[in-house]
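Below is one structure, written out as structure tokens; the observations come after it.
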Amino acid sequence: ATNSLKTHHSVCYSESSGGFFKLPKTWLRSMSRSIVRQSKFRHVFGQAVKAEQGYDDIRVSKVTWDSSFCAVNPKFLAVIIESSGGGAFLVLPLSKSGRVDKNYPLVIGHSGPVLDIDWCPHDDNILASCSEDCTAMVWQIPDHALTRPLSDPVVVLEGHSKRVGIVTWHPTARNILLTAGSDNLIIVWNVGTGEPLLSMDDHPDLIYSISWNRNGSLFCTTCKDRRLRVCDPRKREVVAERLAPHEGIRPMRAIFTRDGNIFTTGFTRMSQRELGLWDPTNFEEPIALLELDTSNGVLLPYYDADANMVYLCGKGDSSIRYFEITEEPPYVHYLSTFSSKEPQRGMGFMPKRGVDVSKCEIARLYKLLDKKCEPITMTVPRKSDLFQDDLYPDTAGPEPAMEAEEWLDGRDEDPILVSMRDGYVPPKSRELKVAKKNVLDSRPTTRRSMSTLETNSLLLEEIQNLKATVLSQEKRICDLENKLSQYTNGTA
């Protein structure tokens, strides 16, 4: 018992006896079990899909803004692209892989470069965008591929005095959208009426990121003033804040986890990239703080609430690192890294209801390169073909838990969950109808902000004109055929 043992693999050295001896195999196995952390996600591996399953010839935007430039859901892939004469983005059905035609129709409503896009969690056909033109817009995307450019949004949200850089949907309430601009203003909108519900101007400088918590009662922000804030939008107040969670002056990012903690990425004073985990009820000390490497790219975190995993993607990096968050020290566990040759320009993260459960796929990321988008699958190796209950707990579905008015009145609800057992079947698209409260709106109606009724009347008018053209052309064809017949009979 008094021997001091120095182990090296299966051989030990005893200082008291001065000799080497072998450990029993059963002892070694029990020691390895106690040393190696048990986790079903320990062997998750990333793999790029085949070349023909990617999306080629996409001119990814070169605008200098630290957003993901990409948004994806179980139906569509949206990518912000380079365009002349304003801002545009590309929307493709997921099935339309391969080379994208250079004349493929775009969404072209903004007059300035598009900075951020986000799919509605409650309707896979609704997309929000924001731009340097100081507006945010909400779009209804048809189920089929676009046949002509889409320039008429369902609603235009005007309230910022400078460019709008962040747009994000409420996780559980219908039609609630948050925007943040370079005027340091945060506005929460009801897109069902096209009107602002509330605004906050507590930030003295540029806002880097915003993330709702699981039930949408709070959101956290990072700002150029180096503060991490937790805000209650309905009370219009900052309920907690922390100065310099990362000591560096470069941009930070923050996201809420399912437990209510906050995961952050930033830089140390020596410009090393760093990640942290914080308890917003006690910001004095971090739960975990981990230095990563020295690089310039801002780390964009993508969070999987079902697996409690975070995927870190740095702009300009050629790798994706992923971590598991647990309740045991060291709380943030490094799992592995997916590496490829080309650096990424942006990234899209598929909601859990869009993954392939038959292949034990737990996440899918869409990596933007200079001229293409490459899907990357994250898979847990399993031999069985049966549904893996432990990998796929019930996940957030597309049904909102409450209406916008209920949330504004103070109600909080967690997401309505759906089972993944039989795979996810998206519901039929629902039309987003905007009902303006002020019917006698004095502002002139622009083509962009037309109501659904006006748009329908225009479409009916165009259909009638086309039918009239077809009838006149048919009459002309008959006349020409008669003349040809008369000429042929006369010459005969």
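Keep in mind that what you see is a predicted model, and the values were worked out from it rather than measured. For this chain, numbers begin at 1 and follow the sequence in order.
Using a 3.5 Å distance cut-off with no hydrogens or angles, the side chains of S340 and K367 do pair a donor with an acceptor. Remark: the D279 side chain and the T281 side chain contain an N/O donor-acceptor pair separated by less than 3.5 Å. Under 3.5 Å, the side chains of Y331 and N261 contain no donor-acceptor pair of N or O atoms. Residues S319 and D317 have side chains that never bring a donor and an acceptor to within less than 3.5 angstrom of each other. Using modelled atom types and a 3.5 Å distance limit, the side chains of W407 and H170 yield a donor-acceptor pair.
Considering only heavy atoms from C-beta on, D232 comes within 4.5 Å of R234 through its side chain. In this structure, the side chains of S131 and R163 stay at 4.5 Å or more apart for every pair of heavy atoms. Considering only heavy atoms from C-beta on, K40 stays 4.5 Å or farther from V380 through its side chain. Residues D116 and V114 have side chains not in contact (no heavy-atom distance under 4.5 Å, counting atoms from C-beta outward). Counting heavy atoms from C-beta on, the side chains of I262 and V230 come closer than 4.5 Å. In this structure, the side chains of N190 and E195 stay at 4.5 Å or more apart for every pair of heavy atoms. I255 is not listed as a side-chain neighbour of T265, based on a closest heavy-atom distance of 4.5 Å or more. Side chains of I58 and K371 form no contact here, defined as non-hydrogen atoms less than 4.5 Å apart.
Counting only distance, with no hydrogens or angles, the side chain of W139 and the backbone of I126 share no donor-acceptor pair below 3.5 Å. Judged by distance alone, with hydrogens and angles left aside, the side-chain atoms of N125 form a donor-acceptor pair with the main-chain N or O of I141 at under 3.5 Å. Remark: the backbone N or O of L157 is not paired with any side-chain donor or acceptor of W189 at under 3.5 angstrom. At distances below 3.5 Å, not a single donor-acceptor pair connects side-chain atoms of S129 with backbone N or O atoms of I117. No donor-acceptor pair under 3.5 Å is formed between the side chain of D56 and the backbone N or O of G98. When atom types are taken as modelled, the side chain of R345 and the backbone of S61 share a donor-acceptor pair closer than 3.5 angstrom. Distance alone, capped at 3.5 Å, places no donor-acceptor pair between the T379 side chain and the P381 backbone. Looking at R273, its side chain does come within 3.5 Å of a backbone N or O of G297 through a donor-acceptor pair. Looking at T172, its side chain does come within 3.5 Å of a backbone N or O of E413 through a donor-acceptor pair.
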Salt bridge (charged side-chain N to carboxylate O under 4.0 Å, His left out), that's the test. Do D394 and R421 meet it? Break it down for me. CA-CA 9 Å; D394 290 353; R421 178 171 291 277; over 6 Å; no

Yes or no on salt bridge (charged side-chain N to carboxylate O under 4.0 Å, His left out) for K102 and D57, after CA distance, side-chain angles and deciding distance? CA-CA 7 Å; K102 65 178 181 180; D57 285 353; over 6 Å; no

Would K75 and D143 satisfy salt bridge (charged side-chain N to carboxylate O under 4.0 Å, His left out), going step by step from the backbone distance to the final call? CA-CA 8 Å; K75 283 187 179 181; D143 275 328; 3.0 Å; yes

Step by step, work out the side-chain hydrogen bond (donor to acceptor under 3.5 Å, both in side chains) result for D259 and T257. CA-CA 5 Å; D259 305 318; T257 68; 4.6 Å; no

For the pair E324 and S39, evaluate side-chain hydrogen bond (donor to acceptor under 3.5 Å, both in side chains) and give the outcome as yes or no after the intermediate values. CA-CA 9 Å; E324 184 180 1; S39 169; 2.6 Å; yes

Hey, mind stepping through D293 and R321 against salt bridge (charged side-chain N to carboxylate O under 4.0 Å, His left out) and telling me if it holds? CA-CA 12 Å; D293 59 9; R321 273 175 278 208; 2.7 Å; yes

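Geometrically, K315 engages F69 in a cation-pi contact, judged by NZ or CZ lying under 6.0 Å from the ring centre and within 45° of the ring axis.
Note on residues 234-293: no pairs pass ring-ring contact (aromatic ring centres under 6.0 Å, His included), not counting sequence neighbours. Sorted by first and then second residue, the side-chain hydrogen bond (donor to acceptor under 3.5 Å, both in side chains) pairs with a member in residues 78-98 form an empty list; sequence neighbours excluded.
Applying the 6.0 Å contact sphere to CG of L417 captures more than 12 heavy atoms from other residues, nucleotides or ligands. For CG of D385, the number of neighbouring non-hydrogen atoms (other residues, nucleotides, ligands) closer than 6.0 Å is 12 at most. Heavy-atom contacts from other residues, nucleotides or ligands closer than 6.0 Å to CD of E237 number more than 12. Around the CD atom of E52, the shell of radius 6.0 Å holds more than 12 heavy atoms that belong to other residues, nucleotides or ligands.
When T179, T135, D133 are each tested for a side-chain hydrogen bond (donor to acceptor under 3.5 Å, both in side chains) with H160, only one passes: T179. When Y366, Y322, F41, Y302 are each tested for a ring-ring contact (aromatic ring centres under 6.0 Å, His included) with Y311, only one passes: Y322.
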